[in-house]
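Have a look at this one.
Here is the naming used below: chain letters follow the sequence lines, and residue numbers restart at 1 for every chain. Just so it is clear, the values below take in all heavy atoms, side chains as well, and ignore hydrogens, waters and symmetry mates.
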Amino acid sequence: MNLYKYVSEKINEKLGFAAKLETPRNREFGDFSTNAAMVMAKSAGKNPRELAGEILPKIHELDFVKSASVAGPGFINLTIKDDFLWHAAQTAAQITPAEKPIIIDMDYGAYNVAKSLHIGHLRTSIVGDTFNRIAKSLGHKTFSWNHIGDWGKPMGLVIAWIERLHPELPYFRDDFNPNTPVDFEIDEQELNTYYPAASAFAKENPEFQSHAQEIKAKFQSGHPGYFALYEKFLAISLRTMNKTVSRLNILPFDYDLGERNAAKYLGSVEKILREKNMIYENDGAEIINVKRDTDNKPMPPYMWRDSRGADTYDSTDLAAVYCRKKTDNPDKIIYFTDLRQSLHFEQLFRVADMSGIYPYDKFEHIGYGTINGADGKPFKTRDGNAAGLDDIFDIANDAVRARVQEFDKKLDDDTIQTIALAAVKFNDLLHDVKSDYIFDPAQITSFEGRTGPYILYTAVRLNSVLRRAGDFSATAITEMCSDERNLIMELLDFDRTIQSAFNERATDLVANYAYDLCQMVNTFYHNCPILREDVPAEIRNARLGLVKIAVDVLTKTLDLMGLKVPNEM
RNA sequence: GUGCCCAUGGCUCAACUGGAUAGAGCAAUUGCCUUCUAAGCAAUAGGUUGCAGGUUCGAAUCCUGCUGGGCACGCCA
């Protein structure tokens, strides 16, 4: 049950006025607070406090209100009856489904073939996945698209690089027969070094560069040998990606379809653009003007083809929109990428709208900030290189292992990995999406305070209580202590938090909620004994009932963030 | 140059989108384990919310102008 919504609606019904319900920061002011009198006073031409006094009796009439009073400049503070709270808490873990479920295409991940995942893939994966889970939990139909980099120039470079390493392979012959088996295996780890190596080499060697371009052109027009080789390393890369998805504990993508798939639609899209006379030639390139007269900001043209006649990032992205419109016909298309791509997406949305492919106002770009090191600059590993995802995992794992040893505990590798992943993911989700944040291994690994391990630890403790308790039948709490009450109030904020997180596209609300909830749980746990021998049976059963609800809510919250709870910590 | 984002205790972040006495966690000091997992709980200290104006009952939040930072601005993706 969404207590806030319930109370808000009942009050508005009673007053015949849409006032904003607030939860006072200071608990002493009560459970809720309405500024209705202050808002109404203006039109009524009355003193807010006086008006509040007139409204007060109506508030008292509501059956869930224990007490209400006028305070400050004209707030009406109210406290909810304990037995009402207890009753409401029984359904605290339920998420109210969306009234109008919609279809949402979500674009996140965007992994690359023949290039290992790096720190830049972390936020898109984690935030995108959590938002996907939130949307699903509300009953929306979602499709996650991993728009992989599997086409174009990078593939030319990778093929050229393999040719350089293994020129004897038959793939490079123009008369290659796709039916002939080739005895050639590529090492997964090694493959990930190909594209970066080739790219660096190409910068120094123009001949290699142009050779790779040649290969790319032949490859895209159907060279059988190149294509056979491509399929070989594509399969390996997809396997690597799936491992990462599983290691990150994010939902499998509905589509691992990227640039290559989008390229199939370029012809259809170009036809539309030509019919609308949107493509212009300029400096040898084919461009689309997206500037509006009202723009007061830089708005370069959209690059349909570069001056070498090649398809661009711009063109495949538009083709991808066309494809999604055709396959899913979504009500929304949401992109989760680095904030620095904002201008690109603004352009894409305009072109899609102008061409009639997909309307501007159904697009959203959720741009996230940069992950920085302790020095405030983009996070690098100790050797000064851009950090790979594996580096991040290793750093976190090592830190957790060290901590476990420090406490003289014995945990298996799986548990350590689970904790390390929680540390990384929770820290990522905790921050406002669009702001940069500092990834400081030392801080994450201190494991005290607002961290993933703290959250997991809380869940482990609660699970442990339930395990020890065995069967029980929950009874109502007759007299609530403040710790029980605070916990119940927090539990009743769950549904509201999830709704807000979806509406505001703010995944950090979920992480912050998890932390607040855990604080309440731990205070309750500390002050309210449950299984101790001196605890009377009715209190024990009532508290066990509360623990059960807390576990349900916390587990759902953790699920939304893609965190797993270990058996012990 | 143009535009976008940001600025909150020593550090990292909140503040439910305009509400009451700006909250947490690190770090510091100090209490609490023969009783459900002390990776916990509790207490003390730490603030003119970058600066200056404005809007109103009320501003960290909205507007204007500064200052200081990050980012983007046609052939990278």
query = Between B:C16 atom C1' and A:D493 atom CG, what is the distance in whole Å?
reply =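 Rounded to the whole Å, the gap is 8 Å.
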
key: Any N/O donor-acceptor pair, A:T23 side-chain to B:C16 base, under 3.5 Å   =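 Checked by distance alone, the answer is yes.
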
key: Stacking of A:Y454 on B:A39 base (centres under 5.5 Å, planes under 30°)   =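 Per 5.5 Å and 30° rule: no stacking.
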
request  = For A:K153 and B:C75, give me the distance from atom NZ to atom P, rounded to whole Å.
outcome  =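 Those two atoms, NZ and P, are 12 Å apart.
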
ask   = Does one side chain, of A:T475 or A:N541, offer a donor that lies under 3.5 Å from an acceptor on the other?
value =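 No, no side-chain donor-acceptor contact under 3.5 Å.
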
query = Taking only residues two or more places apart in sequence or in another chain, which ones pass salt bridge (Lys or Arg N to Asp or Glu O under 4.0 Å) with A:R350?
reply =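 So A:R350 forms a salt bridge (Lys or Arg N to Asp or Glu O under 4.0 Å) with A:D295, A:E346.
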
ask   = Whole-Å distance between B:A42 P and A:F524 CZ?
value =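 Distance check: A:F524 CZ to B:A42 P gives 14 Å.
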
ask   = So, does the side chain of A:R496 form a donor-acceptor pair with the base of B:C16 at under 3.5 Å?
value =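 Counting by modelled atom types and ignoring angles, a donor-acceptor contact under 3.5 Å is found here.
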
inquiry  = Without decimals, in angstroms, what is the distance between A:Q499 CD and B:U17 P?
reply    =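 Between P of B:U17 and CD of A:Q499: 15 Å.
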
ask   = Within the structure shown, what part of the strands sits under 4.0 Å from A:Q519 by heavy-atom distance: base, sugar-phosphate, or nothing?
value =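 Touches sugar-phosphate only.
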
ask   = Is a donor-acceptor pair below 3.5 Å formed from side chain A:R25 to base B:C16, judging by atom type as modelled?
value =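 No such pair is found, so the answer is no.
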
query = If you look at every strand shown and take non-hydrogen atoms under 4.0 Å, does A:P300 touch a base, only sugar-phosphate, or nothing?
reply =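 The residue A:P300 makes sugar-phosphate contact but no base contact.
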
key: Side chain of A:K20 (C-beta onward), nearest among B:U21, B:G19, B:C32   =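 Closest of the options to the side chain of A:K20: B:G19.
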
inquiry  = Need one value for A:E448: base, sugar-phosphate or nothing, where a base atom within 4.0 Å counts as base even if backbone is also close, heavy atoms only.
reply    =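 Sugar-phosphate: the residue A:E448, judged by heavy atoms under 4.0 Å, touches backbone atoms but no base.
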
Interatomic distance, A:E281 CD vs B:C75 C1' [rounded to whole Å] =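 Distance check: A:E281 CD to B:C75 C1' gives 13 Å.
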
ask   = Does the ring of A:Y515 lie flat against the base of B:A24, closer than 5.5 Å centre to centre with planes under 30°?
value =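 Check failed, A:Y515 does not stack on base of B:A24.
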
inquiry  = Does A:S33 contact B:A20 through a side-chain donor or acceptor facing the base, at a distance under 3.5 Å?
reply    =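 Per atom types, the contact qualifies.
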
ask   = With a 4.0 Å cut-off on heavy atoms, is A:N77 in touch with a base, just the backbone sugar-phosphate, or nothing at all?
value =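 Base contact.
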
ask   = Base, sugar-phosphate alone, or nothing: which one does A:A110 contact when heavy atoms must sit under 4.0 Å apart?
value =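 Answer is nothing: A:A110 stays at 4.0 Å or more from every strand.
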
request  = Indicate, with a heavy-atom threshold strictly under 4.0 Å, whether A:Y525 touches base, sugar-phosphate, or nothing.
outcome  =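 Here A:Y525 touches the bases of the nucleic acid.
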
request  = Would you check if there is a donor-acceptor pair between the side chains of A:Y302 and A:E286 at a distance under 3.5 Å?
outcome  =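 No, A:Y302 and A:E286 have no side-chain donor paired with an acceptor closer than 3.5 Å.
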
